[in-house]
Amino acid sequence: MNRLVPCLGGIIVSCLLPLAAAAQLKSMPQEFSASTVVLTNGDTIRGSLMLHNELDLLLVTMADGTVRTVPALAVRTFAVSGEIMRFDRLPPQYLNSAAFTPARVRRRWHQVQRARPFLVYAWNHDRDYATSSAPAFFERLNGGPVILLRRQQLVQRAVPWSDATMASGYMMRPAGTPYFYTDVRELLYLGTPEGTIVALRRPKRDLLAYFPAEAAQLEQYAHAHGLDFANSAELARLVDYANSLRQLTASAQ
């Protein structure tokens, strides 16, 4: 459907915020220091980028300082690099605390240089009986022809006063004052060769249902290599394997 633009990419990592700033979390955009955006009219624009995922909207700051607002309807594909992570409210030692930082956040910290290409698909916002859809951004996680896609949502989570990390001296705050951090929830989909998407609400069940002829071999492969269907990076390997099985079957016929 869409062609991929190669570029480098980044991650989202959590940060603690005082209660007064908690309301900003739901609409917090992802920021990247560089991007390449290919428009549906054939033009290409480059610059630092803010991705408003909940609105499927890009704000691209051009080299001359002007800001270009680009909705998903006008985008064919884009790729980003150098995600700007906000740690200004976190003591450095807190970032190294495996006791508190969620595992998926730590994984993103280590994958900061990973490339992040995005594609555009028509999406019904997971309303199964919707009669209409709209263009939306999806991150591409593997090759194809069946593509593993991801959308990320910022999720506000509170850190309880009783948390062991808070009692360790990493953070000083008045007793009883709550803090919040930004975690990331992933929504996973398959992009089909026909240009449609399939929601993976329960990744293992839904992936095996999409590849019924390859399901038994997929489960064996996952078990042999210790791959978790709930881990997006490992799920991408499984989708690639399923693609290869399907292609082998097609070539043998």
Side-chain angles (χ1 to χ4, degrees), residues 1-11 35-42 44 56 72-73 75-81 104 107-108 110-111 113-128 130 133-152 186-253:
M1 177 182 176
N2 290 325
R3 292 186 178 179
L4 180 65
V5 177
C7 199
L8 295 179
I11 63 168
S35 70
T36 299
V37 182
V38 179
L39 305 179
T40 54
N41 65 6
T44 298
D56 288 296
L73 181 65
V75 177
R76 180 178 301 168
T77 183
F78 72 96
V80 293
S81 64
R104 58 187 171 277
R107 283 197 298 270
R108 288 189 177 89
H110 292 299
Q111 295 172 359
Q113 296 301 327
R114 185 181 55 78
R116 296 189 71 173
F118 288 77
L119 302 174
V120 178
Y121 285 83
W123 185 41
N124 64 1
H125 291 263
D126 291 335
R127 295 188 290 267
D128 292 337
S133 58
F137 298 131
F138 293 85
E139 183 179 357
R140 181 175 190 158
L141 299 182
N142 75 316
V146 178
I147 303 169
L148 182 62
L149 303 169
R150 175 171 69 181
R151 283 181 65 91
Q152 294 183 326
E186 295 182 343
L187 302 176
L188 298 172
Y189 303 84
L190 294 178
T192 72
E194 296 74 32
T196 60
I197 61 172
V198 176
L200 300 180
R201 294 185 175 94
R202 295 173 59 182
K204 181 176 181 178
R205 180 201 67 182
D206 295 339
L207 181 66
L208 296 180
Y210 185 82
F211 288 100
E214 298 81 12
Q217 289 173 277
L218 270 176
E219 288 195 275
Q220 293 173 2
Y221 185 82
H223 178 74
H225 296 274
L227 300 178
D228 183 357
F229 284 82
N231 180 301
S232 59
E234 295 176 9
L235 186 64
R237 290 180 58 186
L238 290 167
V239 176
D240 278 336
Y241 182 63
N243 280 323
S244 67
L245 292 175
R246 182 166 287 186
Q247 290 169 348
L248 283 173
T249 300
S251 63
Q253 292 175 348

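Fair warning: this is a prediction, and the values are worked out from it, not measured in the lab. When reading the values below, keep in mind they use all heavy atoms of this one structure, side chains included, and skip hydrogens, waters and symmetry mates.
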- Would you call Ile147 and Leu190 a side-chain contact if the rule is heavy atoms closer than 4.5 Å? no

- Under the 3.5 angstrom rule, does the side chain of Glu234 hit a backbone N or O of Asp228 as a donor-acceptor pair? yes

- Strictly by modelled atom types, are Glu194 and Thr196 linked by a side-chain donor-acceptor pair under 3.5 Å? no

- Item | Side-chain touch Thr77/Pro117, heavy atoms, less than 4.5 angstrom | no

- Query: Do other residues, nucleotides or ligands put more than 12 heavy atoms under 6.0 Å from the NE2 atom of His223?
  - Reply: no

- Note on the structure: Tightest non-hydrogen contact, residues Ala236 and Leu141, listed as CB-O, 3.6 Å

- Note on the structure: Only one of Leu73, Val75, Thr40 passes side chain to side chain contact (heavy atoms under 4.5 Å, CB included) with Val120, and that residue is Val75

- Item | Heavy-atom check, side chain of Asp206 versus side chain of Val198, under 4.5 Å | no

- Message: Surrounding CZ of Arg205 (heavy atoms of other residues, nucleotides or ligands, distance under 6.0 Å), is the total greater than 12?
- Response: yes

- Task: Could you tell me which non-hydrogen atom of Leu188 sits nearest to which non-hydrogen atom of Ser232, and how far apart they are?
- Result: CD2-CB, 4.1 Å

- Task: Output yes when Asp128 and Arg201 qualify as a salt bridge under the 4.0 Å nitrogen-oxygen rule, no when they do not.
- Result: yes

- Report yes if some heavy atom in the side chain of Tyr121 is under 4.5 Å from a heavy atom in the side chain of Tyr189; otherwise report no. no

- Taking all non-hydrogen atoms of both residues, which atom of Leu235 and which atom of Pro203 are closest, and how far apart? CD2-CB, 4.1 Å

- Between Thr192 and Tyr210, is any pair of side-chain heavy atoms under 4.5 Å apart? yes

- Can you tell if the side chain of Val146 reaches within under 4.5 Å of the side chain of Phe211, non-hydrogen atoms only? yes

- How close do Ala72 and Pro135 get, heavy atom to heavy atom, and via which atoms? CB-O, 3.5 Å

- Task: Enter the distance from Glu219:CD to Glu214:CD here, rounded to the nearest 0.5 Å.
- Result: 12.5 Å

- Note on the structure: Correct closest heavy-atom pair for Phe137 and Asp56 would be N-OD1, 2.9 Å

- Message: Closer than 3.5 angstrom, by distance alone: can the side chain of Arg140 be matched with the main-chain N or O of Asn142 as a donor-acceptor pair?
- Response: yes

